[in-house]
Amino acid sequence: MNATKKIKLRNFHQATWDEPIIFELHTPGERGILLPEVEKEIAGAVGDGISALPEKMIRKKPPALPEMSQMRILKHFLHLSQQCLGADLNVDIGQGTCTMKYNPKINEVLASLPQATEIHPLQPESTVQGALEIIYKLDTFLREISGLDCFSLQPSSGSAAIFAMASIVAAYHENRGEDKKRNEVITTIFSHPSDAAAAAVKGFKIITVYQDEDGLPDIGALKKAVSERTAALFITNPEDTGIFNPRIAEFTRIIHDAGGLCCYDQANANGILGITRAREADFDMCFFNLHKTFSSPHGCGGPASGALGVTKKLINYLPVPLVDFDGKKYFLNYNLPQTIGKARGFYGVFPAILKAYAWIMSLGAEGLKEVARIAVLNNNYLLKKIREIKGVHVPFAKGRHRIEQVRYSWEPLTRATGVTTEDITCRMADFAFHLWSSHHPFIVPEPFTIEPTESYSKDELDEYLAALKKIAEEAYGEPQKVKNAPWNSVVHKIDHSSLDDPQKWAITWRAYLKKQGTENRRRAKNFGR
Amino acid sequence: MKKKTFVHPYIPNSVPEVKTRMLEEIGIQDIDELYADIPANLRYNKELNLPEPFIAENDLKRHVEKILAKNKTCIENISFLGGGCARHYVPAICDEINHRSEFLTAYAGEPYEDHGRFQALFEYQSLMAELLDTDVVNVPTYDWCQAASTSVRMACRITGRNEILIADTISPDRLSAVSNYCRPLVSVKMVKHDPKSGLMDLSDLKNKLSSKIAGIYFENPSYLGFIEHQGQAISDLAHKNGALSIVAADPVSLGVISPPSHYGADITCGDIQGLGVHLYYGGALGGFIATRDEEKFVMEYPSRLFGITRTAVEGEYGFGDVAYNRTSFGVREKGKEFVGTAAALWGITAGVYLALMGPQGMKELGQLILQKSQYAAKRLSTLPGIKAPRFTTPFFKEFVVDFNGLPLSIKNINSILKRKSIFGGKDLSKEFPELENCALYCVTEMHTKEDIDQLVDALRTCLPTAAMTAKGGKRP
């Protein structure tokens, strides 16, 4: 190991294919794929099939899909893929709160086996014992990791798990005849937006507790918010700031004393696996995002999976069915008298469940704890280094360590140079990196949130740091370089003005052609030539 | 793991020298110090009780393969199962693209370094829009359940009303999800169907329509497979009452069947699983929602909507979020419902699928499914005691088979079929009392004539003379 290894920023340029929109590649008559011919006997028996339809239900004009040969389609989408930086290609630590870790390839191989891809959810249970076993065992692993008593792997995402929790809260109070009275959900400003939004869909009035000077949810404000109307608390810990709330058990006690339930948003639990659990902090429910902490890939925004855990008294409220084991065989258990019903079609996002299972089985108890410890080590290493970058402010929890992430601020830099977080996110693309601002609202001005996870080597972290440092220097020295970025990315500064204007926004190509008029049609035609 | 120390391949900075240098940089001795904020009473000091891991990839692979080997697939068996998830052909290029590292492991980058993600999803929206003949389609939500649930809540916000009518031939599972999503703010009422044709009972609809109704939801083809050809009449009745027409459609059918926008649907929704995505035990669904390009509709979507725009360079396309501030990302509980990670990769895959198929491919696909499913129904109905289809209305892909003329229950019939490597249709006995001893059969382009004939031959053994000797005996 070379202690003085020099970190070099890459002379990077992302692929720029100037790729047309797929409709511009249309050539009448080309085919992307052919289908089997219908058997003669079938055609002989039923004719063309279409004549059996009621005349008015027959589609008269075919859909105006592009006609393209197979290789051209492949090439088009490969070009688009090259114009996208996945975690496999960059040091994806700039998307704080999202836990962009390594998604092991072996898990993709396993999830692509026909025994995973070619099984139908309505097959007899005896023919899907493998799938049921994986679902059941992942449930038991998550029970251990959280200390709670049972998990439903049905919710389609973290937000869907929050909605399911809100549904259980509503059903629980309804069963106790308190649903009319208990109509308020308390959450915190540094908990995910969906903790507020999904609970509101269930009809709850949302009370948001803001942070105190330390950046922790203000316990005084919590006490004021609690009343006989309190249905539940929806909270993250650590929150987006990465600060662990040491009084969390006091929070849950206050809510329980008032008759409410406590719901733990553990979408991201990466820094505390095997370190602290929902059980010890006295939560009634929690959920994990399998696509975050448990390494199922993010897929450009899904498929996702929100594994929802509850204590004994709430098991009967979970979505149906649960997967159970009678000692001999695995089976679907619909016997939940108070169930909130279905949270999704069928039983859950099986590929994500399978990948999470394989990931846990590759690490074990000690490995999971090492994941958490290294994620926290990486984060605090970055905290130390980012704090040294000119123009960065680290709000809250002065002199303390953080768990898995930190919310930083470029405010001093913005004040001095006019360069904003948004400008810097654009410039980071020139160095093959991604930087995200943060969830709204921007309580921390000019925010950015860094979460290194356990997956990236120190050298990679140093390279990311070098880019941040370089851009900060540019902001002070030649701000236009940052303000007009990106220079080496796929495209240049985007004009967002039309995206909020109903007269101009275009959510589909056909809407674009209608709104932008003939000029673009000409362009479209030229491509086809 | 207890036996020896090692550096796990997924955790590079476990290397002791690296760890030490990082600790030194932070100015601490031990990683435990970083957890100082966690009080002792909340610390979990035991080791989690998890199985011994398979730290060698080789061992892990063997372990998972061994479990998965307990599954019997729809390759070794002929499956006639559908009900919201169906086996269609997945072109090789669909898998090639959705396995690409760049798409598989990207998440929420900016529209610069993730330009390709934005364009691929914009193209998905655009291709679906052609299939549906609408101007707006969302970035996919979780599944049909969620697409239907959100469509219904959108209708309520658009009309300012809070009652919904739903055709009672909806899948009971979907109804369960929609009902839970509506409760307690929106009330759901069911509209009856005609027991012979399955079609919506328009007189019941008229009786239930009022100035409180925000929308009417029905499925086409219905969960039970038949085609609701009164779409225009239903939409007209909705509109006359100031309500919206909400129709769920199977995108696979739309090369041959009119899209709902052609018979008055204001909101179209459904699932994209059939468009180039494998079964995955029902774990690879994706919901679509589509409307006209009117501000009052667009502003009620909770989903991401990617729009095309310009950049600083003439002629260059850029992308971004349309009306971001309607979302919960923008304004938390003041946003429209909620948004988050959903099913984007299946959306990209569905886009690839539609590009491969083109207009001709979608037509041929629809036609093949019509022919094969009609053939299956026709052959089945030649067997004495079996009625297929149960409803008199034409169907697409799925149809109800009535086994009441046989002395066996569906459970018995399906276990006989299973022994012959056939997964028989879904038992509807519990879902619809009137369909006791009926099953929902799904036939797609994947079925050969031989597959269908094999089913017919296998069922022949369930006929009265043969059935007396079959295990299970008389229907309970």
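We name chains A, B, ... by the order of the sequence lines, and we start the count at 1 in each one. When reading the values below, keep in mind they use all heavy atoms of this one structure, side chains included, and skip hydrogens, waters and symmetry mates.
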Item checked: Most contacts with chain A, counted as non-hydrogen pairs under 4.5 angstrom, among B/Asn41, B/Val352, B/Asn414 -> B/Val352

Note to self: Is the shortest side-chain heavy-atom distance between B/Pro39 and A/Phe244 below 4.5 Å?
What the structure shows: yes

Notebook entry, point to check: Taking A/His496, A/Gln82, A/Arg400 one by one, which has the highest count of heavy-atom pairs under 4.5 Å against chain B?
Noted result: A/Arg400

Check: Should the pair B/Tyr107 and A/His291 be assigned to parallel (<30°), tilted (30 to 60°) or perpendicular (>60°) ring geometry?
Finding: perpendicular

Checklist line | Verdict with reasoning, A/Tyr347 to B/Tyr281, per ring-ring contact (aromatic ring centres under 6.0 Å, His included) | finding: CA-CA 8 Å; A/Tyr347 326 117; B/Tyr281 200 41; 5.2 Å; yes

Next item on the list: Flag the pair A/Ile275 / B/Ile38 as yes when at least one side-chain heavy-atom distance between them is below 4.5 Å, and no otherwise.
Entry: yes

Next item on the list: Check B/Glu123 against A/Ile22 and note the closest heavy-atom contact, atom names and distance.
Entry: OE2-N, 2.9 Å

Item checked: Side-chain ion pair, A/Glu370 and B/Lys19, N-O less than 4.0 Å -> yes

Notebook entry, point to check: When only pairs under 4.5 Å are counted, which of A/Ser167, A/Gly341, A/Ala343 shares the most heavy-atom pairs with chain B?
Noted result: A/Ser167

Next item on the list: For the residue pair A/Ser157 and B/Tyr142, confirm or rule out a side-chain donor-acceptor distance under 3.5 Å.
Entry: yes

Check: Relative to chain A, which segment of B/Leu34 carries a heavy atom at a distance below 4.5 Å: side chain, backbone, both, or neither?
Finding: both

Next item on the list: Report the option among A/Val128, A/Ile73, A/Ile42 that has the most heavy-atom pairs separated by less than 4.5 Å from atoms of chain B.
Entry: A/Ile42

Margin query: Heavy-atom pairs under 4.5 Å with chain A - which of B/Thr73, B/Leu104, B/Val139, B/Ile93 has more of them than the others?
Written below: B/Leu104

Checklist line | Best-contacting candidate, B/Ala323, B/Gly318, B/Pro184, B/Ala36, against chain A by heavy atom pairs under 4.5 angstrom | finding: B/Ala323

Note to self: Using 0.5 Å steps for rounding, measure from the CD atom of B/Glu102 to the CD atom of A/Gln83.
What the structure shows: 10.5 Å

Check: Is chain A contacted by the side chain of B/Glu96, its backbone, both, or neither, given a heavy-atom distance below 4.5 Å?
Finding: side chain

Next item on the list: Decide, yes or no, whether a salt bridge links A/Arg510 with B/Asp133 under the criterion of side-chain N to carboxylate O below 4.0 Å.
Entry: yes

Item checked: Interface moiety of B/Asp321 toward chain A, non-hydrogen atoms closer than 4.5 Å -> backbone

Item checked: B/Tyr181 and A/Phe163 aromatic ring geometry - parallel, tilted or perpendicular at 30°/60° bounds -> tilted

Check: What part of B/Phe423 gets closer than 4.5 Å to chain A, counting heavy atoms only: side chain, backbone, both or neither?
Finding: side chain

Notebook entry, point to check: Heavy-atom distance under 4.5 Å between the side chains of A/Ile106 and B/Val64, does that happen here?
Noted result: no

Item checked: Any donor-acceptor N/O pair, B/Asn13 side chain to A/Asn378 backbone, under 3.5 Å -> no

Check: Any side-chain donor-acceptor pair under 3.5 Å between A/His434 and B/Glu110?
Finding: no

Margin query: Among A/Pro502, A/Pro303, A/Pro297, A/Ala200, which residue has the highest count of heavy-atom pairs closer than 4.5 Å to chain B?
Written below: A/Pro303

Next item on the list: Give, as side chain, backbone, both or neither, the part of B/Val339 having an atom under 4.5 angstrom from any heavy atom of chain A.
Entry: backbone

Next item on the list: May I ask you to say whether A/Glu280 pairs ionically with B/Arg43, meaning some side-chain N is under 4.0 Å from a carboxylate O?
Entry: no

Check: Looking at B/Met357 and A/Arg31, what are the two nearest heavy atoms and their distance?
Finding: O-NE, 4.4 Å

Check: Hey, which of B/Leu305, B/Ile75, B/Leu254, B/Val137 has the most heavy atom pairs under 4.5 Å with chain A?
Finding: B/Leu254

Checklist line | Residues A/Lys458, B/Glu17: salt bridge by 4.0 Å N-O rule | finding: no

Next item on the list: For residues B/Tyr317 and A/Val491, determine if any side-chain heavy atom of one lies less than 4.5 Å from a side-chain heavy atom of the other.
Entry: no

Item checked: Options B/Arg174, B/Glu65, B/Glu337, B/Gln232, ranked by heavy-atom pairs under 4.5 Å with chain A, top entry -> B/Glu337

Item checked: Side-chain donor or acceptor of B/His8 paired with backbone N/O of A/Leu363 under 3.5 Å -> no

